[in-house]
Structure formats: structure tokens, C-alpha cells
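Structure, as C-alpha cells:
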Amino acid sequence: MNQAAPEYELGDFIKLKKKHPCGSQEWEILRIGADFRLRCLGCGHQIMMPRRQVEKNTREVRKKA
């Protein structure tokens with residue numbers, strides 16, 4: 001049976017496998033759907049990533065405080 005994917009919520013912080021060019025691996029989730037909008041916590045750059053890629057490359061999920 002497949003391992004359940006982590007539950008993502010707006011405002012959560014995720015750590016991805018690869019570093020952003022600024023050196024940060026930490027991202028904030030700004031939008032959830034078929035695509036995720038993520039904001040780099042190092043430099044503030046925003047990207048859109050397909051859900052499948054986010055789920056595959058997530059190392060850790062930290063819930064918002």
C-alpha cells in the first residue's frame with residue numbers, strides 16, 4: 001500500500017531536496033491545487049510547481065504556528 005502523502009496547508013513551510021540558487025531549501029506554501037505556488041524563505045522568489053513534483057521532492061513539512 002502507498003504511503004500517505006503529507007497534508008499540505010496554506011502557510012506551511014516545506015523543505016525540498018534541492019537548494020534554490022540563493023542557498024535556501026525552505027519554502028512557504030502560498031497556493032495549493034494542481035500546481036503549488038511557493039515562496040523561497042531565503043530571497044522571496046516565487047515559483048509555481050506541479051503538485052506531483054512538490055510531493056516527490058519534499059523532505060519535511062512544518063506546520064504554520
Side-chain angles (χ1 to χ4, degrees):
M1 192 166 199
N2 286 345
Q3 181 181 1
E7 204 52 44
Y8 297 103
E9 295 178 9
L10 291 179
D12 285 353
F13 301 101
I14 61 173
K15 187 174 191 176
L16 298 179
K17 288 181 183 177
K18 288 189 173 181
K19 289 185 179 181
H20 188 247
C22 75
S24 176
Q25 288 179 291
E26 302 281 324
W27 298 83
E28 180 182 5
I29 299 174
L30 301 178
R31 178 185 180 277
I32 298 175
D35 292 322
F36 279 45
R37 178 174 293 280
L38 304 174
R39 181 172 59 87
C40 177
L41 295 180
C43 66
H45 184 76
Q46 292 185 17
I47 61 168
M48 292 287 284
M49 265 177 98
R51 173 182 283 272
R52 189 175 190 100
Q53 189 175 2
V54 170
E55 289 174 349
K56 178 183 170 196
N57 292 321
T58 298
R59 294 251 185 209
E60 176 185 330
V61 177
R62 285 192 338 227
K63 297 295 179 186
K64 60 185 172 188

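All heavy atoms count here, side chains included; hydrogens, waters and symmetry mates do not.
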Subject >> Chi angles and distances behind the side chain to side chain contact (heavy atoms under 4.5 Å, CB included) call for Val54, Ile29 >> reply: CA-CA 10 Å; Val54 170; Ile29 299 174; over 6 Å; no
Subject >> Shared hydrophobic cluster, Val61 / Leu16 (ILVMFWY, side-chain heavy atoms < 4.5 Å) >> reply: yes
**OP:** Indicate if Phe36 and Met48 have the same hydrophobic cluster label, given that clusters are the connected sets of ILVMFWY residues with side-chain heavy-atom separations under 4.5 angstrom.
**Re:** no
Original post:
How long is the span from the OG1 atom in Thr58 to the CD atom in Gln53, to the nearest 0.5 Å?
Top reply: 10.0 Å
Original post:
Between Glu26 (side chain) and Gly42 (backbone), is there a donor-acceptor pair under 3.5 Å?
Top reply: no
Original post:
Considering residues, nucleotides and ligands other than Lys17, do more than 12 of their heavy atoms fall under 6.0 Å from its NZ?
Top reply: yes
**OP:** With rounding to the nearest 0.5 Å, note down the distance linking CD in Glu28 to CG in Asp12.
**Re:** 9.0 Å
Subject >> Residue pair Asp35 / Pro50: nearest heavy atoms and the distance that separates them >> reply: OD1-CA, 3.4 Å
**OP:** With side chain to side chain contact (heavy atoms under 4.5 Å, CB included) as the test, would you mind laying out the steps for His20 and Cys43 before giving the verdict?
**Re:** CA-CA 9 Å; His20 188 247; Cys43 66; 3.4 Å; yes
Original post:
When rounded to the nearest 0.5 angstrom, what is the spacing between CZ in Arg39 and CD1 in Ile47?
Top reply: 12.5 Å
**OP:** Give a yes or no answer on whether the side chain of Arg51 reaches the backbone of Glu55 with a donor-acceptor pair at less than 3.5 Å.
**Re:** no
Original post:
What's the spacing between Met49 CE and Lys56 NZ if we round to 0.5 Å?
Top reply: 9.5 Å
Subject >> Value rounded to 0.5 Å, distance of CZ in Arg37 from CH2 in Trp27 >> reply: 11.5 Å
Subject >> Rounded distance [0.5 Å steps], CD in Glu7 versus CD1 in Ile32 >> reply: 8.5 Å
